[in-house]
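In what follows, chains carry the letters A, B, and so on, assigned in the order in which the sequence lines appear, proteins first and then strands, with residues in each chain numbered from 1.
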Amino acid sequence: MDMMNLIKKLWPLKRSLVSDDYDKALYCLAERAPLKISEYPSGTECWTWIIPEQWTCHEAYLETLDGKRLINYHDNPLHCVEYSKSIDNIVTRDELFKHLHVHPINPKAIPYVFKFYERDWGFCCSQEQKNILNDTKYRVVIKTDFEPGMLKIGEWWLPGQTDQLFILTAHLCHPFQANDDLSGVVAGLEVMEQLAKVTNRYYTHLLLLVPETIGSIAWLSHHEELIPKIKGGLFLEMLGNDSPLALQLSYFGDTQLDFCCKHIITEIDKNSYIRDFWTIIRNDELEYNSPGLRIPMPSISRCQKPESEFWPYPEYHTHFDTPDIISEERLTQSANTIFKIVKAFDQNFNPKAKFKGQIFCSRYNIFPRDPEKYEIFFHTLFELDGEHSIMDIALKHGFSFNSVLKVINSLISHNLVSIVRK
Amino acid sequence: MDMMNLIKKLWPLKRSLVSDDYDKALYCLAERAPLKISEYPSGTECWTWIIPEQWTCHEAYLETLDGKRLINYHDNPLHCVEYSKSIDNIVTRDELFKHLHVHPINPKAIPYVFKFYERDWGFCCSQEQKNILNDTKYRVVIKTDFEPGMLKIGEWWLPGQTDQLFILTAHLCHPFQANDDLSGVVAGLEVMEQLAKVTNRYYTHLLLLVPETIGSIAWLSHHEELIPKIKGGLFLEMLGNDSPLALQLSYFGDTQLDFCCKHIITEIDKNSYIRDFWTIIRNDELEYNSPGLRIPMPSISRCQKPESEFWPYPEYHTHFDTPDIISEERLTQSANTIFKIVKAFDQNFNPKAKFKGQIFCSRYNIFPRDPEKYEIFFHTLFELDGEHSIMDIALKHGFSFNSVLKVINSLISHNLVSIVRK
Amino acid sequence: MDMMNLIKKLWPLKRSLVSDDYDKALYCLAERAPLKISEYPSGTECWTWIIPEQWTCHEAYLETLDGKRLINYHDNPLHCVEYSKSIDNIVTRDELFKHLHVHPINPKAIPYVFKFYERDWGFCCSQEQKNILNDTKYRVVIKTDFEPGMLKIGEWWLPGQTDQLFILTAHLCHPFQANDDLSGVVAGLEVMEQLAKVTNRYYTHLLLLVPETIGSIAWLSHHEELIPKIKGGLFLEMLGNDSPLALQLSYFGDTQLDFCCKHIITEIDKNSYIRDFWTIIRNDELEYNSPGLRIPMPSISRCQKPESEFWPYPEYHTHFDTPDIISEERLTQSANTIFKIVKAFDQNFNPKAKFKGQIFCSRYNIFPRDPEKYEIFFHTLFELDGEHSIMDIALKHGFSFNSVLKVINSLISHNLVSIVRK
C-alpha cells in the first residue's frame, strides 16, 4: 500500500464527525481494502452519548462593513469552527474576539477548533491576521446545516482460529489534518495487509476506522456481546512524522499485551519511550480501557515527550499538519513495529511440557551445542509449566521473544509441548 | 465539651482497675454523655483472663521506728503500689528497698507502679526521698482490701445505617494521671459529640471507656458475636500535651483504615510521624489487633519518638502527669484529627460506574474547565471499577480524599455511580 | 560414621552409571546403612529417557606403531572415555586427536569425560601427554562390552508421623572421583544417621543414592504416585573440600524450604553464599524442580562462586579429585548444616493461637522478664494466626528459628497453641 499517496489524497477532505467528506474518505478507502461500512443514525443513544447530526458548512466569512472579506472558509476550512452554528450579523470587535480562536504559541498557525456539542459559532485565524483587525465592527456570516445523518465506521475483519478479537483502531476525522490521524489510518491498513498474509493467525483481527471518540462509543455500544471477546487492541496515531516512537501503556500497564509492546518497541527503536496510561496522548483507547470495559489498549504514536514545549508535535491541530511533515519511511517503520507487536501477541501462549523431568535430548537430537542457544533452550525448558507465556519467559531471562518461540516451536514439532491459552 | 475542665475534675480520682474512684469517674462522665455502663463481676473468666477484685487502699505509710511518717499515701496515692497487699511490719532497710520503687531517670518524680496480679506489697517515692532513708529499720503499714467488685465499662453507641461497627476506645484508669489517659477519654467524647451531628453515618460508632487491657478483654469476650462486625477502631491516648501527633498503624498496616489515618494525619500535621504496629506505644489496641481478632486498630497519640530519651513524654507514669501539661488547644487539634479520620473512613467506599466508556460530559454539563479539577475528575473517572476505594484513588494519584469524594458525589447526584462497600 | 574412610574405600571404584563397580560401591554402603536397593533393567523407558546398558571396559590403550604403550586404561580408568565403544585400529594423528580429550585449563590433569548416549570412542590424557604425540600414526585399542544390566538405586527410608516425604539425594557414580560426589553420598548417610536419633519426626525421610540424572529419572518415573507427597528435598554435592558452603535455591526460591536453607546456612557459615536456581551447579535437583514436578529442591555444595576461574573447584572432573582434597572436618560441618536445615524444615509448622486477645501471662507464669526474650515472646504472640510459619515469624522479626520454636513449644505445653500444617 502506498501510504503517502493515500494520505495526500484524503488530506484535503473536510472530514467532520458526520459529514459528506468523511464519507467520501471512507468510500475511497473501501476501494482499496475490504472494508465493511456500518452506520449509526444521528440521535442514536450510545451509552451516555448521542450521535450528532451531519454538519455541512456552505460558507463562512468575516467582512469589513464595506464588504472586504478578511477570513474565508473557502480559503481554508479551518477558518470556521467545526460544528459551528449559522450566523449573519454585524458584531462589535469585542463580540467577534469572543468567537475568534488563534493558536496559543504559533502566530502564523490557523488552529483547528471544534465545538461538537455546544451550538456556538466561531472563526479561527492566525494571530497575525487577528492583530490587524482594528475596526470597531465587522460582519460575520456562517451558513451551516445540521441534518440527520449517518455516522460511518469502516471495519476490516480478518478471521483467525478463534473468534477472540484483537482490535486496531485509528480515527479518520479532522478536516485538513494529515498526521492526525490519516497516518494512523494508513498504518492500520498496512498492518492489516501484512497480517492477511500470515497463516494460522490465532485471534480474529479487526481494524476500526472511526470518527474520534463518538465512533468508538457507537461501535462498542452496538457490539456489547463482543466486548468480553476483545482480548486487546492498539490505538494508532500520529505515525508519519519524525518524532520518536511513543508507547502509552494500557490502564493496567502489566498485561501480556503491554509486555509485547514494551519488548518489541524497545528492540526496534532505541529512541522510543514508554509511559503510563493517560500520560502521553488521549484518544479512542480511553473508551476501551475505561472501567466498564477494561480492555487493554495501549496507544502507539510518534510524539514529543509530554514535558516538551512542542508536545505532541509543532504542527498539531493547525493548518501546518499537512502531508509535508510525513514520510513514507517513517510510516513504514511505524507499521512494521505495530505489525511485530500484533504478531508477537498473536503467537504468545503458555507452553506446557508434555514430559516430566528434563528432556532426554540425545533421543530427539535437540541438544544445543551453541552456548547462547544452550542458555535459551534450558531456561525455557524449566518454565514450561503452562503458567508462563513465551513473553514471560523472554522477559524473565532477558531473551528475545523470537528466540524463545523458536525453542517452543522445535519442541512442538517433537510433540513435547502443548499450547495453553489463558 | 470543655475537655480541660473535665480532665481537671477527674484527674485527682484514684482510678484503679476496679475501684470506687474509677466508678465515680465513670458516673461523672455519664452525666455529660449518653453512656451505657456495663458491668463484669470479679472472678469472671474472660478468655484467658480473670476479672480482678475491687481494690481499696485505706492507708499506707512508712515510718521511722520512733513514729515519724516519711511517706504517706494520703499525701499522694502514687506512694502506694496499686493493688498492693496489706502489711504492718518492722523491716530492714534492705528489705524495704526491695519494695520501694523510684523513677529510673527523674530523681524528683514519684513513679506510678502497679502490681495487679502479683499480690506483693510496695511503696513508691522520689529518688531524693529514698536517698535520705538511712535508718537500719523502718515500720511499713499498708491497709488495703480486696473484695468482689464490678469492673465497669462506659459505652456510647451512635447507630449508623448499618450495624457494622467502628470503635473508639481509651482507658479511664490510672490514679492521678491526666494525660495518660484522661486526654484520650475526653478526646473520644468530643469526637463522638461531633459524630452525633453528622447525618448519614454509615457505621455504627461506639466509644468504649475501659480500665486498661482487662476492660477491653472483658468487653470483647462478652461480645464475641459482634467481633466479625467490627470493621476497625482507634485507640486514643496521651492527646493533650505538646508532643507531635503519632500514628501507630494496625497489625496489617495497609488496610483502608490505615490509609485514612496516614492521609489525614499527614495532611493536618507536618510534624506528625507514622510507625508500625507495636513500635510506638502499646495499649488496648493490642487486643483488637491480636491473631484471634485481627480488627485493624491503629493508635493515635501525642508521643515523643520511641528513640527519644523522653519517650513517651517526660511526665509519663509519674506524679508530674497533671492537667498542667495539657492544653485545650492540643486536645482540640487531636480530637479534630481523629474526627476527620473517622469521618473519612465512614465515607470511604468503592465507587462503581453505572456507565460504560467515558461519560458524555456535555450532556450532564459536568466538564471541569479548571485544569486541576480536570485532572482529578478524569483520573477518578478511570478508577470507577468498584475495586478501588475513594482513598485508593486519592493515594494513587496524589489527590486529597475530599477532592475525590466531591467528584464522586457529583456523579452520584447524576445517578452515574453506585456505591460498593467491601 | 567415619565419612573419610568410606570415601577412601569407594573412591577407586570405576563407578559408571550401570556397572559392576557401581554395584560394588552400593553393596558396600548397604553393609553400613539399612539401604533397600531397587533395580531398573537396561532398556526400560523412564519418561522420555531409556536406561542404558551395563558398560564394562576390559582394556583401552594407545600404542606407537612399534608397540610402545603411551596411554593405558589400567594406569588410570579416566584414560578411557566412559561408555566408549570398542575399537582396534591404526589411525592418523589427526584422527586420534578428534577422539583425544584434554583438560581446558590444567595441563597436568587427565579429564573425566563421558559419552553415555553417543556410541563414540575416545581417550583422555593430560595436555602434557598429548604434546609429545608427534608420530603420524598410532594404534588405538578399546575393548568394551555393552550388555543388558540393572541400574541400581540405594534407598534409606526413615518413616515419620506422616507419609509426606522429604528427600535427600546424591549421586554415587563417576569413576575415581572423590569429592564429586562421594562426599555428598557420605554426608547424606551421616545426616540420616543423625535423623534416625530424632524422635517425632514429622516427615518420612528418604535418602536416594543414584547414578546421576538417569537414576533420579528412573526412580521418580517409577514412583509417580509418591510425587505429590514429596514436600521438598536437598541435593548434596561436593561437600568435603575447602570451598565455601553454597546454597542454590529451588526453582521457586521462596518456599519454606528455601527460607530454612537460607536461615540456617547464613547462621552457620558467614562465608557461605546463596544463588538462584540453576546458577551454581546443576545435578539431579533439576529433575525434581522441573515443570512437571515442581518439587522444591535446593542444592547444597561447597563450591567456588560461578564467576571464579576455579569454579566449581580446581580438581573437578579430573584425576586430581581424590580423597586428598577432602577433610573429615569439612564433611562434618557440611553434614551438620544439612541436618539442621532438615530438622528445621521438619519442625516448621504454622502455629495458631487457641486463645483470643493477648495471653494472661500471670496466670501461666510465662511472662518473660529478660528484654530480648520479651521481644521474641510478644512478637511471636502476635503472629499466631495459623498463616505464618515459625520460619516466617523468625525471618519477619529477625529472630533465630530456634528462639521462636522455644516460645511456641512453651505455649504448646500450656495447650495454648495448635499446630497447622499446610
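- Within the model, atoms CZ of B:Phe339 and CD1 of B:Ile264 stand 10.5 Å from one another, a figure rounded to the nearest 0.5 Å.
- Aromatic ring orientation, B:His205 versus B:Phe166: tilted (interplanar angle from 30° to 60°).
- Annotation: maximal heavy-atom pairing with chain B below 4.5 Å, among A:Ser216, A:Gly292, A:Ser290, occurs at A:Ser290.
- A donor atom on one side chain and an acceptor atom on the other are not found under 3.5 Å apart for B:Thr337 and B:Ser334.
- When only modelled atom types and interatomic distance are considered, A:Trp49 and A:Glu287 share no side-chain donor-acceptor pair under 3.5 Å.
- Remark: the A:Glu82 side chain and the A:Tyr112 side chain contain an N/O donor-acceptor pair separated by less than 3.5 Å.
- Between A:Leu249 and A:Ile274, the closest side-chain pair of non-hydrogen atoms falls below 4.5 Å.
- Ranked by non-hydrogen atom pairs under 4.5 Å with chain A, the options B:Leu381, B:Leu416, B:Leu384 are led by B:Leu384.
- Listed in order of number, the residues of residues 226-238 of chain A that approach chain B to under 4.5 Å between heavy atoms amount to none.
- B:Tyr374 has its ring centre less than 6.0 Å from the ring centre of B:Phe378.
- In this structure, A:Phe123 has its ring center no closer than 6.0 Å to that of A:His101.
- Contacts of A:Phe277 with chain B are made by side-chain atoms alone, with heavy-atom separations under 4.5 Å and no backbone atom involved.
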Evaluate side chain to side chain contact (heavy atoms under 4.5 Å, CB included) for B:Lys343 paired with B:Gln194, printing each intermediate quantity in order. CA-CA 10 Å; B:Lys343 199 171 151 205; B:Gln194 292 186 33; over 6 Å; no
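- Within the 4.5 angstrom heavy-atom criterion, only side-chain atoms of A:Trp278, from C-beta onward, approach chain B.
- With a 4.5 Å cut-off on non-hydrogen atoms, A:Leu286 touches chain B through its backbone and its side chain both.
- Neither the backbone nor the side chain of B:Glu387 has a heavy atom closer than 4.5 Å to any heavy atom of chain A.
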